[in-house]
Amino acid sequence: MPDLEFDGSTFVAFSDLSGFKSMLRGNAEQAYEALDCLYSAAYRCLDNRRSVAGLAVSDCVVSWATDIGSGISIQAEVMFEFLRELHRSVLDGSYLVTTTVAWGQHRYQRRIELPNLQKGALCGSAYINAYLRNRSAETGSIILLRNGCDWDPTTDGQMAAMWNRTRAGWEFFWSANGPHEVPEIISARRRIKEMKFQAFKRIYSGELRVPMPPR
């Protein structure tokens with residue numbers, strides 16, 4: 001895993017454990033199991049990964065692409081490959097995370113630590129934007145915010161067909177096994193009148209999808 005010290009322009013992701021506060025109120029044991037699932041998934045996905053760094057804090061994971069000299073397309077590729085793996089790993093544990101990603105200035109700085117106190121400073125426009133917009137994102141989704149980002153994922157890279165424009169930016173369909181499944185996921189979400197947490201999990205896992213007829 002790379003050194004967390006960072007200062008530059010990059011993609012920053014804020015991944016929040018979906019439904020955690022409701023779990024705390026209704027079933028504290030399940031909430032702790034969900035946290036363990038998130039932390040274990042983050043550890044596995046970041047272990048030995050050279051181009052992404054991250055922090056697990058409470059019920060969220062903050063991550064960012066670290067190789068700022070590789071160009072924005074390469075940064076995007078490694079970042080969203082990591083996020084897809086993180087989302088799939090959490091789903092395998094029967095939970096979901098919701099991720100918002102922003103492009104911009106990001107800085108992480110280690111601070112002096114004591115035996116009973118650890119400190120780290122996260123700042124910059126990318127982290128702030130990703131954090132603030134997370135609550136408005138659809139449960140379980142990965143959204144790249146348009147604000148401040150000149151890169152268009154629908155026209156660049158091997159994963160271009162796995163993206164769809166949204167009001168806020170672009171959605172990356174991490175649970176699809178190919179472009180043909182993207183319309184199936186969109187259609188399944190529209191058919192569910194009450195988007196409950198369990199329904200989202202069944203859609204992303206493929207249980208509620210219906211193959212779209214060929215054009």
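In this structure, OG on S175 lies 7.5 Å from CD on E181, to the nearest 0.5 angstrom. Atom OG of S141 and atom CZ of F173 lie 8.5 Å apart (nearest 0.5 Å). T154 contributes atom OG1, which lies 13.0 Å from atom CE of M159 (distance to the nearest 0.5 angstrom).
Looking at E77 and I74, their side chains come closer than 4.5 Å, going by heavy atoms from C-beta outward. Proximity of D7 to Q105: side-chain heavy atoms (C-beta onward) are separated by under 4.5 Å at one or more points. Side-chain contact between V78 and R50 is absent, with no heavy-atom pair separated by less than 4.5 Å. Counting heavy atoms from C-beta on, the side chains of L46 and F82 come closer than 4.5 Å. The closest side-chain heavy-atom distance from E81 to S51 is not below 4.5 Å.
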Intermediate values then yes/no, side-chain contact (heavy atoms from CB on, under 4.5 Å), L38 and Y95
CA-CA 8 Å; L38 175 65; Y95 298 102; over 6 Å; no

Derivation of the side-chain contact (heavy atoms from CB on, under 4.5 Å) call for F14 and D16
CA-CA 6 Å; F14 185 88; D16 185 66; 4.0 Å; yes

For V97 and V61, what are the C-alpha separation, side-chain angles and deciding distance, and is it a side-chain contact (heavy atoms from CB on, under 4.5 Å)?
CA-CA 9 Å; V97 286; V61 172; over 6 Å; no

Run the numbers on T10 and T66 for side-chain contact (heavy atoms from CB on, under 4.5 Å), then give the verdict.
CA-CA 7 Å; T10 190; T66 59; over 6 Å; no

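A distance-only check finds a donor-acceptor pair linking the side chain of S136 to the backbone of R133 [under 3.5 Å]. Side-chain atoms of R146 come within 3.5 Å of backbone atoms of R167 as a donor-acceptor pair (strictly under, hydrogens ignored). The main-chain N or O of G140 is found under 3.5 Å from a side-chain atom of T98 such that the two form a donor-acceptor pair. Formation of a donor-acceptor pair under 3.5 Å by the R107 side chain with backbone atoms of G8 is not found in this model. Although no hydrogens or angles enter the test, the distance criterion places a donor-acceptor pair under 3.5 Å between the side chain of S205 and the main chain of K201.
If you check the side chains of N134 and T100, you find a donor sitting under 3.5 Å from an acceptor.
With hydrophobic clusters built from ILVMFWY side chains whose heavy atoms lie under 4.5 angstrom apart, M162 does not share a cluster with I143. Two different hydrophobic clusters hold V57 and Y43 under the rule that ILVMFWY side chains link at heavy-atom gaps under 4.5 Å.
Annotation: E29, atom CD; neighbour count of heavy atoms from other residues, nucleotides and ligands within 6.0 Å does not exceed 12. Heavy-atom neighbours of N27 CG from other residues, nucleotides or ligands within 6.0 Å: above the threshold of 12. The environment of Y131 atom OH is sparse: at most 12 non-hydrogen atoms of other residues, nucleotides or ligands sit within 6.0 angstrom.
Taking the centre of each ring, W163 and F80 come in below the 6.0 Å mark. Within the 6.0 Å centre-distance limit, the rings of W174 and Y204 are counted as a close aromatic pair.
Ring pair W64/F6 is tilted by interplanar angle, where 30° to 60° counts as tilted. Between Y127 and H106, the ring-plane angle classifies as tilted under the 30° and 60° cut-offs.
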